[in-house]
Number of protein chains: 2
Amino acid sequence: MRDTRAELLSQAETLVRGRGYAGFSYADLAEAVGIRKASIHHHFPTKVDLGAALVAAYADRYDAALATIRIDVPDGPGRIAAYGQLYLGGVEQGLGCLCAALAIEGEALPERLRGDIAAFFEGHLAWLEAVLRAGQADGSVRAGQEPAVLARYVIATLEGALLMERLFASPAAFSGTLAVLVEGLRA
Amino acid sequence: MRDTRAELLSQAETLVRGRGYAGFSYADLAEAVGIRKASIHHHFPTKVDLGAALVAAYADRYDAALATIRIDVPDGPGRIAAYGQLYLGGVEQGLGCLCAALAIEGEALPERLRGDIAAFFEGHLAWLEAVLRAGQADGSVRAGQEPAVLARYVIATLEGALLMERLFASPAAFSGTLAVLVEGLRA
DNA sequence: TATTGCCTACCATTAAGTAGGTAGATCTTT
DNA sequence: AAAGATCTACCTACTTAATGGTAGGCAATA
């Protein structure tokens, strides 16, 4: 079984992260995968189905990475730094965040996808909040601010840095922002 | 007399900030303004012309606000806080940053627009760098980090917060992130 | 035999953009 | 000031290409 479905998901992700959800078509995807346009509908009946599958796969990959970081890295700032490294790959490849690309379309986005990306961000927020709370408890993260508030601040900084530094094709600048962020969180 | 053109720019800005550049059409804009689709071409021959005019008008409005902040607010952190307030309006209205909406489309975006939005961000970066450098000189902003690096960090945090908090329709959360950002910059 | 995966050939709709025209304002020339 | 010419802002009525999606067929597989 040569996995066309997986190839479709992979290429579609690249397209959405590179040009936005409204900015790519089934024709583009068909050409990228080397299949006919109508055949995509066999795997993903509608574009919304494809979008939802894309977000699910993306979220799963992140979830796995997040779990690994929690095991491999012991301290709060180190975990945030490792989390930030996940975004760096996007800058290097010239690809934005999938969920940011979808979020930008706001009201034009199908309701179902809006819920999916909200859940994506909420998952990250919950993970960051737990990491920051643990960091404050073990003294590695500076105290005095609500972990929930800090979590939003962290994800905002990284999403924004990815958005801007992709435009400037500057992984170095992204790393600079990540360093400022992590240093500021140190106790 | 120039009323229609201004109305077109205003409505088009709302559409782009609400649904992205690829996510709105001349038909949408025509309906919003109450004019025929073909008449838009009289004012803006192509969609790229409209996009460029949009960015120019948006940048001009920001430039005026930036100049005012420099006059009205004396200290570094206060100026950054006032700068952040400019973004808050977008969260409250459910509108993202125009240039973020364009930046997301990346490679699919007409070359000309890409240059325009890069210039937009570079202008903000230069203003922030000058503000932060002056703040470090007068002791209101914490020293030890390059103003240019801090400037990128500031704009990333605010762009990211606008992106995410618009999705959650949470001006309060945006303000929380802004507060963390500004406190971290204090000397 | 039934299902899977892909195909060709279509469909209705919408996209940006064009052609050409009209009513009214404004400028130019006498 | 009158007459004509030109310009502005909009219109209806297209074109061409692309959009997401459908119908039905066919060969390989389970």
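Letters A, B, ... mirror the listed sequences (proteins, then strands); counts begin at 1. Predicted model, so just to flag it, every value in this text is computed and none were measured.
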Other members of the hydrophobic cluster containing L163(A), with the 4.5 Å side-chain heavy-atom rule, please.
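Under the 4.5 Å side-chain rule, L163(A) groups with I104(A), I104(B), L163(B).
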Over how many whole Å does the gap from [X] atom [atom1] to [N] atom [atom2] extend?
| X | N | atom1 | atom2 | result |
| --- | --- | --- | --- | --- |
| E7(A) | dC6(C) | CD | P | 11 Å |
| R36(B) | dT22(C) | CZ | P | 18 Å |
| I35(A) | dT8(C) | CD1 | P | 11 Å |
| H42(A) | dG25(D) | NE2 | P | 17 Å |

On the ring face of F168(B), is R152(A) found with NZ or CZ under 6.0 Å from the centre and within 45° of the axis?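 R152(A) over F168(B) ring: yes.
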* Asked: Do you see a donor-acceptor pair shorter than 3.5 Å between the side chains of Y83(A) and H124(A)?
  ->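 Their side chains do contain a donor-acceptor pair, which is all the 3.5 Å distance test asks for.
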Does one hydrophobic cluster hold both Y21(B) and L95(B), with members joined at side-chain heavy-atom distances below 4.5 Å?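 Y21(B) and L95(B): separate clusters.
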Heavy-atom contacts, protein to nucleotides 11-20 of chain C, under 4.0 Å, summarised as B (base), S (sugar-phosphate only) or - (none) per nt, yield ----SBBB--
- Give a yes or no answer on whether the side chain of R166(A) reaches the backbone of A103(B) with a donor-acceptor pair at less than 3.5 Å. yes
Test item: S10(A) side-chain N/O and A6(A) main-chain N/O as donor-acceptor pair under 3.5 Å:
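No.
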Review point. At under 4.0 Å, does any side-chain N or O of H43(A) touch on OP1 or OP2 of dT4(C)?
Key: no
